[in-house]
Student: 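A single structure is presented below for examination.
We name chains A, B, ... by the order of the sequence lines, and we start the count at 1 in each one. The model shown is predicted, which means the values in this text are computed figures rather than measured ones.
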2 protein chains.
Amino acid sequence: MVQDSIRILQAQGYKVTKPRRQVLEILEEAQESLAPYDIQRLLRRQGKHLNHVTIYRILELFCRLNLAHRVLSSGGFVRCSLGKREGCHRFVVCRQCGAIQEFADKGLCQEEDRFAESRGFHTESHLSESSGLCSDCYRKQVKQNFIG
Amino acid sequence: MVQDSIRILQAQGYKVTKPRRQVLEILEEAQESLAPYDIQRLLRRQGKHLNHVTIYRILELFCRLNLAHRVLSSGGFVRCSLGKREGCHRFVVCRQCGAIQEFADKGLCQEEDRFAESRGFHTESHLSESSGLCSDCYRKQVKQNFIG
DNA sequence: AGCTTAAATGCAACAGTGTTGCAATTAGGG
DNA sequence: CCCTAATTGCAACACTGTTGCATTTAAGCT
Ligand SMILES: [Mn+2]
Ligand SMILES: [Mn+2]
Ligand SMILES: [Zn+2]
Ligand SMILES: [Zn+2]
């Protein structure tokens, strides 16, 4: 709900500006994930013009406040690995230091397959990414919180 | 193995060129996924210069032949959804028609958490994408194969 | 080994995405 | 209504990815 997000903005001391309200509303209306320039285009059709830089900064804030979140994509050539895509490609990524660990687990694949198939979907490959903190960064953060 | 990939290229009637061999070798050496411009930089350090367009075309071919695969990323603002990232964000994407279904499953999350934690990783959010065929496209493909 | 030619690469030019620094505007408290 | 820090807009840039066309090259054939 847009109202909830607005309350969170205020509670955290952020201004409730026209651009921020507009981005919230368009995301709410869309009922699906939107790319930054999608947002700009949709708003423009309603006669509302926002600079793309503003949209990027607003989305970044929203993600920081957990009002929004980024969605994975493998559309571009973000990265490329040798070897078939089939099977398991699971990553854990530390949001602090960027450390990446790759692993595989047959059990998880099978469960995902089952789930997809229950909706008529025939899985060929899986990719997944869990975000969080690596053990080092987690330790540091705990220490921080203890001091602060 | 680079040799295997070369054999597959030949078997499918593609030329085994110097640029293709160099990309294969650099991916093999790296032992991790590389972005197109990473590949260009690494090769340049070895005194080998490849045009970036060439690298893109080679990677596209490799992916088509299953010698390589694209890796997910949520680095950029690919897309942005309203709502917290925590919990489950699972997508099944049809490689044929692009249809997307989103769903959530607590069980899968818990298993992924367990797995990550077993390597000292503290999970905060999950994203996953299974690629395959939706029921429509699967039906069509089966029919195709039956006729052809 | 030299020819031949389709396939592949390089080059130029472009479009899309995302970032930065700074000037102008504005939300919201006093 | 003023004030000011926060936010937005603007300009300029860097990075990623694509397209069309000229040039080069792998590999099959004398
Ligand atoms: Mn703009
Ligand atoms: Mn280049
Ligand atoms: Zn870390
Ligand atoms: Zn489909």
Student: Where the side chain of B:L50 is concerned, which of C:dG10, D:dT8, D:dG9 is the nearest nucleotide?
Tutor: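 Closest nucleotide to the B:L50 side chain: C:dG10.
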Student: Just verifying a value: how many Å separate B:Q10 CD and B:R7 CZ, rounded to the nearest 0.5 Å?
Tutor: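 Going from the CD atom of B:Q10 to the CZ atom of B:R7 covers 8.5 Å.
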Student: If the plane angle is over 60° it's perpendicular, under 30° parallel, otherwise tilted; pick one for B:Y37 and B:H52.
Tutor: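 Ring orientation, 0 to 90° scale: parallel.
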Student: Can you run down the salt bridge (Lys or Arg N to Asp or Glu O under 4.0 Å) pairs that involve residues 112-122 of chain A, sequence neighbours left out, and say none if there aren't any?
Tutor: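 Applying salt bridge (Lys or Arg N to Asp or Glu O under 4.0 Å) to every pair that reaches into residues 112-122 of chain A, excluding sequence neighbours, yields A:R90-A:E112, A:E112-B:R90.
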Student: Please give me every residue in residues 7-20 of chain B whose heavy atoms get under 4.0 Å of an atom in DNA chain D, ordered by residue number.
Tutor: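 Contacting residues: B:K15, B:V16, B:T17.
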Student: D:dT8 base to A:H52 side chain: any donor-acceptor pair below 3.5 Å?
Tutor: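 Not at all, since no donor on one side and acceptor on the other fall under 3.5 Å apart.
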Student: Measure the distance from CD on B:E60 to P on C:dA7 and round it to the nearest whole Å.
Tutor: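 Atom-to-atom, B:E60 to C:dA7, this comes out as 17 Å.
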Student: What integer distance in Å separates A:R64:CZ from D:dA6:P?
Tutor: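 After rounding, the gap between these two atoms is 13 Å.
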Student: Are B:E29 and B:Q46 close enough that a side-chain donor and a side-chain acceptor fall under 3.5 Å?
Tutor: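 There is such a pair (donor and acceptor under 3.5 Å, judged by atom type) between the side chains of B:E29 and B:Q46.
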Student: Do the side chains of A:L9 and A:L67 get nearer than 4.5 Å, heavy atoms only?
Tutor: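 Touching, per the 4.5 Å side-chain cut-off.
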Student: In whole Å, what is the span from the CG atom of B:L59 to the C1' atom of D:dT16?
Tutor: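 In whole Å, D:dT16 C1' lies 13 Å from B:L59 CG.
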Student: Over the length of the helix from C:dA1-D:dT30 to C:dG30-D:dC1, how much do the five-pair end axes diverge, rounded to 10 degrees?
Tutor: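 What I find for the helix from C:dA1-D:dT30 to C:dG30-D:dC1 is an axis angle of 30°.
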Student: Taking atom types as they are modelled, is there a donor-acceptor pair under 3.5 Å from the base of D:dG9 to the side chain of A:R57?
Tutor: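 By the distance-only test, yes, there is a pair.
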Student: Shortest non-hydrogen contact from B:L59 to B:P36?
Tutor: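 Shortest heavy-atom contact: CD1-CG, 3.9 Å.
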Student: Figure out the CZ/P separation between A:R41 and C:dA15, and round it to whole Å.
Tutor: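 The distance from CZ of A:R41 to P of C:dA15 comes to 15 Å, rounded to the nearest Å.
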Student: Give the rounded distance in Å between these two atoms: CG of B:L61 and C1' of C:dA8.
Tutor: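 So the two atoms are 10 Å apart, to the nearest Å.
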Student: Roughly how many Å is it from OH in A:Y56 to C1' in D:dT8, rounded to a whole number?
Tutor: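 Checked: the OH to C1' distance equals 17 Å.
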Student: Nearest-Å distance, CD (B:Q40) to C1' (C:dG10)?
Tutor: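 My rounded result for the distance is 12 Å.
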Student: I'd like to know if the side chain of A:Q40 reaches the main chain of A:L50, judged simply by a donor and an acceptor atom lying under 3.5 Å from each other, with no hydrogens or angles considered.
Tutor: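 Such a contact is found between A:Q40 side chain and A:L50 backbone.
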Student: Please tell me which of the listed nucleotides, D:dT18, D:dT8, C:dG10, lies nearest to the side chain of B:N51?
Tutor: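 Of all the options, the side chain of B:N51 is nearest to C:dG10.
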Student: Locate the shortest heavy-atom distance separating B:L108 from A:E111; write the atom from each residue and the value.
Tutor: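 For B:L108 versus A:E111, the nearest heavy atoms are CD2-CB, 3.6 Å.
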Student: Expressed as a whole number of angstroms, how long is the span from A:Y37:OH to D:dG17:C1'?
Tutor: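 After rounding, the reported distance stands at 14 Å.
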Student: Would you name the heavy atoms of B:R20 and B:F62 that are closest together and state the gap between them?
Tutor: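 Heavy atoms of B:R20 and B:F62 come nearest at O-CZ, 3.8 Å.
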